[in-house]
Amino acid sequence: MAVKIKLKRLGKIRSPHYRIVVADSRTRRDGRAIEEIGLYHPVQNPSRIEVNSERAQYWLSVGAQPTEPVLAILKLTGDWQAHKGLPAPAPLLQPEPKADKRALFESLGDATEAKGEAITQKAKKSDKKADEAADAAAPAESTEA
């Protein structure tokens, strides 16, 4: 029996999250698993990755084959390097929290003074007709000269 370490998809249509499971290679993607060894939530910022290293090391040592996505996750956590005897990767960097956009917007609104209205007045139809008549007359005068 071939055993694989793969992702089991959970969640709604546009909010997926996965469990890292050990399962028979013949079972379907979301089918019965032998054991769950971790979590992967790609939608969160930063992505949430939790792997039970002890269990992952055990399953790798008895011959379980990780799928490509799980292999990438195991390389990020350092479990694959520990299994192969390679040096550990650099720790995952957590991004700095973003500034609150509402507070930033309100602070800019207080600092700037109102310059006046940003709305331009609509020209009346009679003004447009007068401008068009003046434009039509101007080229005729230039050709006569």
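When a residue number appears, it is its place in the shown sequence, counting from 1.
The nearest pair of heavy atoms linking Pro16 to Arg9 is CB-NH2, 3.3 Å. Shortest non-hydrogen contact noted between Ala33 and Ala23 is CA-CB, 4.1 Å. Taking all atoms of both residues into account, the shortest heavy-atom contact from Ala56 to Asp79 is CB-OD2, 4.4 Å. Considering every non-hydrogen atom in both Lys6 and Ser25, the closest pair reads NZ-O, 4.5 Å.
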Candidate pair Ile49 and Gln44, rule side-chain contact (heavy atoms from CB on, under 4.5 Å), full reasoning: CA-CA 10 Å; Ile49 299 173; Gln44 291 182 357; over 6 Å; no
Working for side-chain contact (heavy atoms from CB on, under 4.5 Å), residues Leu39 and His17: CA-CA 8 Å; Leu39 300 172; His17 55 277; over 6 Å; no
Evaluation steps, side-chain contact (heavy atoms from CB on, under 4.5 Å), between Thr67 and Leu71: CA-CA 6 Å; Thr67 60; Leu71 181 61; over 6 Å; no
Stepwise side-chain contact (heavy atoms from CB on, under 4.5 Å) test for Glu35 and Arg55: CA-CA 9 Å; Glu35 182 179 358; Arg55 297 307 296 163; 2.8 Å; yes
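Note on Leu74: it clusters hydrophobically with Tyr40, by side-chain heavy-atom contacts below 4.5 Å among ILVMFWY residues. Residue Ile73 is not grouped with residue Leu86 when hydrophobic side chains (ILVMFWY) are merged at heavy-atom distances under 4.5 angstrom, including chains of intermediate members.
The shortest side-chain heavy-atom distance between Leu7 and Val70 falls under the 4.5 Å cut-off. Looking only at side-chain heavy atoms (C-beta outward), Ser107 and Phe105 stay at 4.5 Å or farther from each other. Looking only at side-chain heavy atoms (C-beta outward), Ile5 and Leu60 come within less than 4.5 Å of each other. Contact of the Tyr18 side chain with the Pro69 side chain is not registered, since no non-hydrogen atoms from C-beta on lie closer than 4.5 Å. The closest side-chain heavy-atom distance from Ser53 to Thr77 is not below 4.5 Å. A 4.5 Å side-chain heavy-atom check between Val3 and Gln65 finds every atom pair outside the cut-off.
Between His41 atom NE2 and Leu10 atom CG the span is 8.5 Å, to the nearest 0.5 Å. Lys8 NZ to Arg28 CZ: the interatomic distance, rounded to the nearest 0.5 Å, is 9.0 Å.
Shown are Arg32, Glu36, Lys4, Arg29; of these, the side chain to side chain contact (heavy atoms under 4.5 Å, CB included) with Val21 is made only by Glu36.
Between the side chain of Asn52 and the backbone N or O of Gly38 there is no donor-acceptor pair closer than 3.5 Å. When atom types are taken as modelled, the side chain of Ser15 and the backbone of Gly11 share no donor-acceptor pair closer than 3.5 angstrom.
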